[in-house]
Amino acid sequence: MARPVELQIERHVPLESLQKEERRLSESIRSLKKSERLLQRVTFVRMRYGGYSVEEASAAVRFTTKTGYNVQELWNEKGMEGMVPDFKGGPRSRLTEDQKAQLKDMLSACPCDTRTVRLYIKDQFGVDYSEKQVHVILKGMGLRHAKPYPKDYRRPEDAEAVLKKDSRMLWTDSPEGTS
């Protein structure tokens with residue numbers, strides 16, 4: 001015996017305008033992830049208008065059944081405004097802005113390599129980042145990698161070649177206009 005549909009879909013807009021919105025979304029900005037999700041949700045609602053069950057409509061737009069029920073609940077509560085995905089931008093940084101400023105000041109005074117910066121962050125702020133994440137954070141702060149080229153009278157003629165093989169990359173403040 002088939003289970004009856006428990007939740008009914010609210011008809012906030014006529015089917016024709018829903019179909020027009022679906023066509024407009026599919027034709028205009030299909031490449032954007034947010035628009036693709038919006039299109040999927042509107043297609044789901046249109047299929048529910050057409051009499052499909054939540055399970056059938058969810059399968060057609062490649063949702064799980066639970067996601068289908070969540071989308072339908074959003075539609076019933078908010079209508080078209082509830083269909084727009086709400087991306088929050090990811091988790092907060094574990095370093096505060098003051099800590100980042102302190103780190104930048106330290107690097108301005110004494111350039112260090114990524115490994116040293118990672119250890120400094122761990123010791124000073126108690127936050128353990130991978131070297132890759134330290135690199136991402138420092139790039140985001142406007143810092144850049146630079147190799148030290150000492151100017152010494154004892155400098156060999158092939159110093160650049162030697163430094164390229166043996167030297168570590170250090171983080172320094174970016175000069176104006178470069179990144």
Trainee: Can E55 and T65 be counted as having a side-chain donor-acceptor contact under 3.5 angstrom?
Mentor: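 Not at all, the side chains of E55 and T65 share no donor-acceptor pair under 3.5 Å.
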
Trainee: What is the ring orientation for F63 with F44, classed by angle as parallel under 30°, tilted 30 to 60°, or perpendicular over 60°?
Mentor: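 Because their plane-to-plane angle lies in the 30° to 60° range, the rings of F63 and F44 count as tilted.
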
Trainee: I'd like to know if the side chain of Q40 reaches the main chain of V61, judged simply by a donor and an acceptor atom lying under 3.5 Å from each other, with no hydrogens or angles considered.
Mentor: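 The answer is yes, because a donor-acceptor pair under 3.5 Å joins these two groups.
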
Trainee: Are any side-chain N or O atoms of W75 and backbone N or O atoms of E10, one a donor and one an acceptor, separated by less than 3.5 Å?
Mentor: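 Yes; at least one donor-acceptor contact below 3.5 Å.
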
Trainee: Is a donor on one side and an acceptor on the other found under 3.5 Å between the side chain of K139 and the backbone of R144?
Mentor: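 No: the side chain of K139 does not pair with the backbone of R144.
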
Trainee: Flag the pair M47 / E56 as yes when at least one side-chain heavy-atom distance between them is below 4.5 Å, and no otherwise.
Mentor: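 M47 vs E56: side chains apart.
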
Trainee: Report the distance from atom OG1 of T64 to atom NZ of K66, rounding to the nearest 0.5 Å.
Mentor: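 Separation between the atoms: 8.5 Å.
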
Trainee: Return the set of residues passing side-chain contact (heavy atoms from CB on, under 4.5 Å) with P91 (not counting sequence neighbours), or none when no residue passes.
Mentor: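 Listed in chain order: nothing, the list is empty.
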
Trainee: Using side-chain contact (heavy atoms from CB on, under 4.5 Å) as the criterion, list what pairs up with L119, not counting sequence neighbours.
Mentor: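 Listed in chain order: nothing, the list is empty.
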
Trainee: Look up atom CD in E81 and atom NE2 in H12, then write down how far apart they are to the nearest 0.5 Å.
Mentor: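 Going from CD on E81 over to NE2 on H12, the span is 9.0 Å.
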
Trainee: Would you give me the side-chain donor-acceptor pairs under 3.5 Å for residues 95-102, sequence neighbours excluded?
Mentor:
unit_1: T96; atom_1: OG1; unit_2: Q99; atom_2: N; d: 3.2
unit_1: Q99; atom_1: OE1; unit_2: T96; atom_2: N; d: 2.9

Trainee: Just do the side-chain contact (heavy atoms from CB on, under 4.5 Å) check on L138 and L107 with the steps written out, would you?
Mentor: CA-CA 10 Å; L138 296 176; L107 289 171; 3.6 Å; yes

Trainee: If you look at every heavy atom in Y49 and P14, which pair is closest and at what distance?
Mentor: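 So the minimum-distance heavy-atom pair works out to CE2-C, 4.4 Å.
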
Trainee: In chain order, what residues pass the side-chain contact (heavy atoms from CB on, under 4.5 Å) check against K132, with sequence neighbours excluded?
Mentor: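 Applying side-chain contact (heavy atoms from CB on, under 4.5 Å) to K132 gives S130.
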
Trainee: With sequence neighbours excluded, what pairs up with D128 under the side-chain contact (heavy atoms from CB on, under 4.5 Å) test?
Mentor: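 Listed in chain order: R118, K122.
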
Trainee: When you compare the side chains of T67 and N70, does any donor N or O come within less than 3.5 Å of an acceptor on the partner?
Mentor: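 Result is no, nothing qualifies.
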
Trainee: Dump the intermediate steps for side-chain contact (heavy atoms from CB on, under 4.5 Å) on N76 and Q8, then the final yes or no.
Mentor: CA-CA 9 Å; N76 288 343; Q8 295 299 317; over 6 Å; no

Trainee: Could you grab the distance from atom CG of L103 to atom CD of Q124, nearest 0.5 Å is fine?
Mentor: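 It comes to 9.5 Å.
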
Trainee: Determine whether the side chains of Q19 and R46 contain a donor N or O and an acceptor N or O closer than 3.5 Å.
Mentor: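 Side-chain D/A pair, Q19 to R46: absent.
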
Trainee: With rounding to the nearest 0.5 Å, note down the distance linking OH in Y120 to SG in C110.
Mentor: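 It comes to 10.0 Å.
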
Trainee: Going by the rule salt bridge (charged side-chain N to carboxylate O under 4.0 Å, His left out), which residues pair with E73 if we only count those two or more places apart in sequence or in a different chain?
Mentor: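 Scan of E73 (salt bridge (charged side-chain N to carboxylate O under 4.0 Å, His left out), adjacent residues dropped) gives none.
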
Trainee: Quick one: pull up CE in M83 and CZ in R37 and give me the separation to the nearest 0.5 Å.
Mentor: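 It is 13.5 Å, given to the nearest 0.5 Å.
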
Trainee: V13 vs M80, test: side-chain contact (heavy atoms from CB on, under 4.5 Å). Steps then yes/no.
Mentor: CA-CA 9 Å; V13 295; M80 193 55 131; 5.9 Å; no

Trainee: Would you say the side-chain atoms of T116 pair up with the backbone N or O of C112, donor to acceptor, closer than 3.5 Å?
Mentor: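 Between the backbone of C112 and the side chain of T116 there is no qualifying donor-acceptor contact (under 3.5 Å).
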
Trainee: Can any side-chain N or O of T43 pair as donor or acceptor with the backbone N or O of L39 at less than 3.5 Å?
Mentor: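 Between the backbone of L39 and the side chain of T43 there is a qualifying donor-acceptor contact (under 3.5 Å).
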
Trainee: If every non-hydrogen atom of S58 is compared with every non-hydrogen atom of G68, which pair is closest and at what distance?
Mentor: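 Between these two residues, the closest heavy atoms are OG-CA, 3.3 Å.
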
